[in-house]
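The structure presented is a predicted model; accordingly, all values stated were derived computationally and were not measured. Side chains are part of it too, since the values below use all heavy atoms of this structure and drop only hydrogens, waters and symmetry mates. Letters go in sequence order (proteins before strands), and every chain restarts at 1.
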2 protein chains.
Amino acid sequence: MPAEHILVVDDEPAILRALSAALRARGYVVHTATTGQGALDQTALLEPATVVLDLGLPDIDGVEVCRLIRQWSEVPIVVLTADGADDRKVLALDVGADDYVTKPFSTPELLARLRVALRHRLRNPTGTVDAAVLRVGDVAVDLGYHQVSVNGTAVNLTPKEFAFVEILARHPGRVITQRTILQEVWGPEYGDETQYLRVYASQIRKKLGDTPDRRRLLTVAGVGYRLVDPGTEDT
Amino acid sequence: MPAEHILVVDDEPAILRALSAALRARGYVVHTATTGQGALDQTALLEPATVVLDLGLPDIDGVEVCRLIRQWSEVPIVVLTADGADDRKVLALDVGADDYVTKPFSTPELLARLRVALRHRLRNPTGTVDAAVLRVGDVAVDLGYHQVSVNGTAVNLTPKEFAFVEILARHPGRVITQRTILQEVWGPEYGDETQYLRVYASQIRKKLGDTPDRRRLLTVAGVGYRLVDPGTEDT
DNA sequence: CCCGGTCTTTGCGGAATCTTGACGATGCCC
DNA sequence: GGGCATCGTCAAGATTCCGCAAAGACCGGG
């Protein structure tokens with residue numbers, strides 16, 4: 001088995017040592033960081049297979065670290081903390097953490113959860129430079145540079161507009177429900193604020209150059225939206 | 001408004017009720033099962049977006065249910081149990097569960113973990129799921145594209161019409177009772193508004209091109225409707 | 001402090017969809 | 001055949017949903 005690289009972030013040397021040892025014994029290649037800034041740097045530099053992140057860091061708040069990493073990377077993040085407060089868990093999970101283990105934790109359990117995270121990543125060939133550009137017809141979504149272009153011409157989208165298009169482009173042609181879009185772009189508490197969708201769909205259409213006769217962003221009444229290649233009209 | 005379908009499996013009615021209520025309040029469409037066999041059947045039938053699975057089931061062991069589901073489906077599974085034993089957690093996670101919450105659990109946390117599971121499902125191509133095209137004779141119901149077609153020709157259905165056809169297509173040839181259709185399409189409080197059924201059945205027949213001599217949507221007087229392949233006429 | 005970009009909120013016309021009531025047809029039991 | 005229950009069809013409101021525009025709120029940088 002090719003050794004997976006794991007980044008462990010914790011400010012307590014004792015825990016860091018214990019965790020590293022346990023992981024190395026299992027055959028993983030372990031890297032460590034003790035600050036939020038270090039976590040961000042190492043994540044970008046090493047592109048680890050998974051990040052184990054303690055929330056109690058001296059410099060940046062752990063949740064914030066999570067959020068920052070998620071801005072450019074989909075590396076699995078397993079949060080590890082002594083703080084068992086519910087709202088903090090929920091917060092961390094909602095900004096992009098994939099799992100949350102409360103200290104004191106059992107090492108076998110942490111390892112099992114780590115395997116789950118790695119399994120997810122395996123199914124999802126992300127991280128590397130390859131499929132960083134989604135294409136649907138003449139629309140290209142560059143995930144790395146957060147840039148959308150139509151026929152090679154760059155289009156300026158706001159962050160929320162980009163997230164909207166990204167989610168649709170990840171499932172070419174398929175219907176994404178209103179609720180799904182709202183939760184992915186705006187957050188879990190926006191369940192039925194469908195007026196946002198109408199406003200943004202309109203703006204996106206304008207920027208993409210959609211015309212009524214040749215549309216890329218289609219509405220499925222009462223259900224959601226889908227992004228299609230106007231050339232190959234399917235179904 | 002269509003939402004994600006969640007399957008909740010637990011043998012304790014109290015928990016089942018509480019969970020269902022919490023999830024419904026959040027806008028999910030909740031289905032339930034109380035046995036391992038029921039869980040397997042419903043998972044195959046409904047293709048839910050996520051399965052919440054209690055391990056303490058009367059018939060099949062929960063871990064085994066997990067493993068069986070994973071043989072053909074990648075639907076996210078969130079395991080839920082009173083048993084906090086480590087090895088059981090590890091076992092469940094290793095046979096394919098995506099998360100593991102120990103009772104007593106906090107509802108907000110479970111909801112957050114559910115959102116994580118749904119997020120994972122959304123990010124991954126979930127290749128196999130694209131087999132979500134139900135076929136009954138020459139009628140094809142494409143769940144992903146939210147599109148019904150007859151002999152390859154797309155048919156425009158309204159949301160309620162589509163939901164009507166979808167239910168029937170999920171049980172090819174079988175009779176679906178009026179009450180079931182009403183509750184699934186219109187909601188739990190519509191128990192006996194059978195007039196809707198007649199109106200919609202009529203419209204659907206018109207759009208599907210049903211003729212009196214060659215019908216796809218059959219009426220079972222006083223009971224319900226069923227969708228059949230007019231070629232292989234069965235009784 | 002101002003300014004530009006972004007997000008949120010509001011409103012409206014028009015279209016699509018749903019609801020409702022009416023009427024006739026059909027089939028069944030007596 | 002008559003009475004009764006159920007079904008099919010139609011069409012007119014009533015309601016919801018969508019696209020679009022515009023104005024105010026918010027925020028970070030200069």
Side-chain angles (χ1 to χ4, degrees), chain A residues 64 67-68 71 146-148 154-165 168 175-179 181-182 184-187 189-227, chain B residues 1-3 146-148 154-166 168 175-179 181-187 189-226:
Chain A
E64 183 65 11
R67 210 178 54 76
L68 291 171
Q71 288 191 345
H146 265 252
Q147 178 68 52
V148 170
V155 174
N156 255 0
L157 295 186
T158 72
K160 284 209 162 47
E161 287 167 0
F162 181 87
F164 194 137
V165 173
L168 296 179
V175 176
I176 311 298
T177 67
Q178 300 175 337
R179 179 176 303 272
I181 299 172
L182 282 169
E184 278 292 308
V185 177
W186 276 268
E189 63 273 24
Y190 293 74
D192 45 355
E193 308 280 325
T194 59
Q195 66 272 24
Y196 291 168
L197 299 180
R198 294 204 298 279
V199 172
Y200 274 79
S202 173
Q203 288 175 353
I204 289 170
R205 287 196 178 110
K206 209 183 299 176
K207 292 188 177 180
L208 291 186
D210 264 23
T211 56
D213 55 316
R214 190 177 167 81
R215 294 212 133 169
R216 300 172 179 87
L217 179 58
L218 301 185
T219 301
V220 182
V223 179
Y225 291 86
R226 46 196 287 233
L227 190 66
Chain B
M1 152 163 24
H146 226 265
Q147 180 69 243
V148 170
V155 174
N156 255 357
L157 295 185
T158 73
K160 286 207 162 49
E161 287 167 359
F162 184 89
F164 195 138
V165 174
E166 178 184 342
L168 297 180
V175 177
I176 311 299
T177 67
Q178 300 175 337
R179 178 171 299 271
I181 299 172
L182 282 168
Q183 295 197 348
E184 281 288 318
V185 176
W186 274 267
E189 63 273 26
Y190 292 74
D192 48 340
E193 307 279 335
T194 60
Q195 167 70 0
Y196 292 167
L197 298 181
R198 292 201 293 280
V199 172
Y200 274 79
S202 170
Q203 289 175 352
I204 290 170
R205 287 193 179 112
K206 207 183 299 176
K207 292 189 177 180
L208 290 187
D210 263 23
T211 56
D213 56 315
R214 187 179 168 81
R215 294 212 132 170
R216 299 173 180 88
L217 179 57
L218 300 185
T219 302
V220 182
V223 181
Y225 291 86
R226 59 196 191 120

Report task. Indicate whether any N or O donor in one side chain lies under 3.5 Å from an N or O acceptor in the other, for Gln195(B) and Arg198(B). Result ->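 Indeed, the side chains of Gln195(B) and Arg198(B) share at least one donor-acceptor pair under 3.5 Å.
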Report task. Please determine, by modelled atom types, if Thr219(A) and Arg205(A) share a side-chain donor-acceptor pair under 3.5 angstrom. Result ->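 Indeed, the side chains of Thr219(A) and Arg205(A) share at least one donor-acceptor pair under 3.5 Å.
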Query raised in the report: Should Glu193(A) and Trp186(A) count as side-chain neighbours, where that means a heavy-atom distance under 4.5 Å?
Result: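 A side-chain contact under 4.5 Å is absent here.
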side-chain N/O [X] vs [N] OP1/OP2, d < 4.0 Å:
| X | N | result |
| --- | --- | --- |
| Ser202(A) | dC18(D) | no |
| Arg198(A) | dC17(D) | no |
| Thr219(A) | dC17(D) | no |
| Tyr225(B) | dC7(D) | no |
| Lys206(A) | dA21(D) | yes |
| Tyr196(B) | dC18(C) | no |
| Trp186(B) | dC18(C) | no |
| Thr158(A) | dC7(C) | yes |

Query raised in the report: With sugar-phosphate meaning primed atoms plus P, OP1 and OP2, does Phe162(A) contact a base, only sugar-phosphate, or nothing at under 4.0 Å between heavy atoms?
Result: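 If one applies the 4.0 Å heavy-atom cut-off, Phe162(A) turns out to touch nothing in the nucleic acid.
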Query raised in the report: Reckon Glu161(B) touches a base, only the sugar-phosphate, or nothing at all at heavy-atom distances under 4.0 Å?
Result: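 Nothing, no heavy atom under 4.0 Å.
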Rounded to whole angstroms, how far apart are [atom1] on [X] and [atom2] on [N]?
| X | N | atom1 | atom2 | answer |
| --- | --- | --- | --- | --- |
| Phe164(A) | dC7(C) | CZ | C1' | 15 Å |
| Gln203(A) | dT8(C) | CD | P | 11 Å |
| Asn156(A) | dC7(C) | CG | P | 12 Å |
| Asp192(B) | dT19(C) | CG | C1' | 15 Å |
| Tyr200(A) | dA21(D) | OH | P | 16 Å |
| Gln178(B) | dC7(D) | CD | P | 5 Å |
| Lys160(A) | dC26(D) | NZ | P | 15 Å |
| Asp210(B) | dC7(D) | CG | P | 17 Å |

Query raised in the report: What's the closest nucleotide to the Arg205(B) side chain, out of dG19(D), dT9(D), dT8(C)?
Result: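 For Arg205(B), the side-chain atoms sit closest to dT9(D).
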Requested in this report: Return the nearest nucleotide to the side chain of Pro159(A); candidates are dT9(D), dC20(D), dT6(C).
Outcome: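 For the Pro159(A) side chain, the nearest candidate turns out to be dT6(C).
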Query raised in the report: Closer to the 5' end of DNA chain C via nearest nucleotide, is it Leu157(B) or Leu157(A)?
Result: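 Result: Leu157(A).
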**Report entry** Contact nearer the 5' end of DNA chain C, comparing Lys207(A) with Gln195(A)
**Finding:**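 Per heavy-atom nearest nucleotide, the more 5' residue is Lys207(A).
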Query raised in the report: How close do Gln178(B) and Leu197(B) get, heavy atom to heavy atom, and via which atoms?
Result: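 Closest approach of Gln178(B) to Leu197(B), heavy atoms only: CB-CD1, 3.4 Å.
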**Report entry** From CA spacing to verdict: side chain to side chain contact (heavy atoms under 4.5 Å, CB included), Thr158(A), Lys207(A)
**Finding:** CA-CA 11 Å; Thr158(A) 72; Lys207(A) 292 188 177 180; 4.0 Å; yes
Query raised in the report: Is a donor on one side and an acceptor on the other found under 3.5 Å between the side chain of Arg216(A) and the backbone of Leu208(A)?
Result: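 Such a contact is found between Arg216(A) side chain and Leu208(A) backbone.
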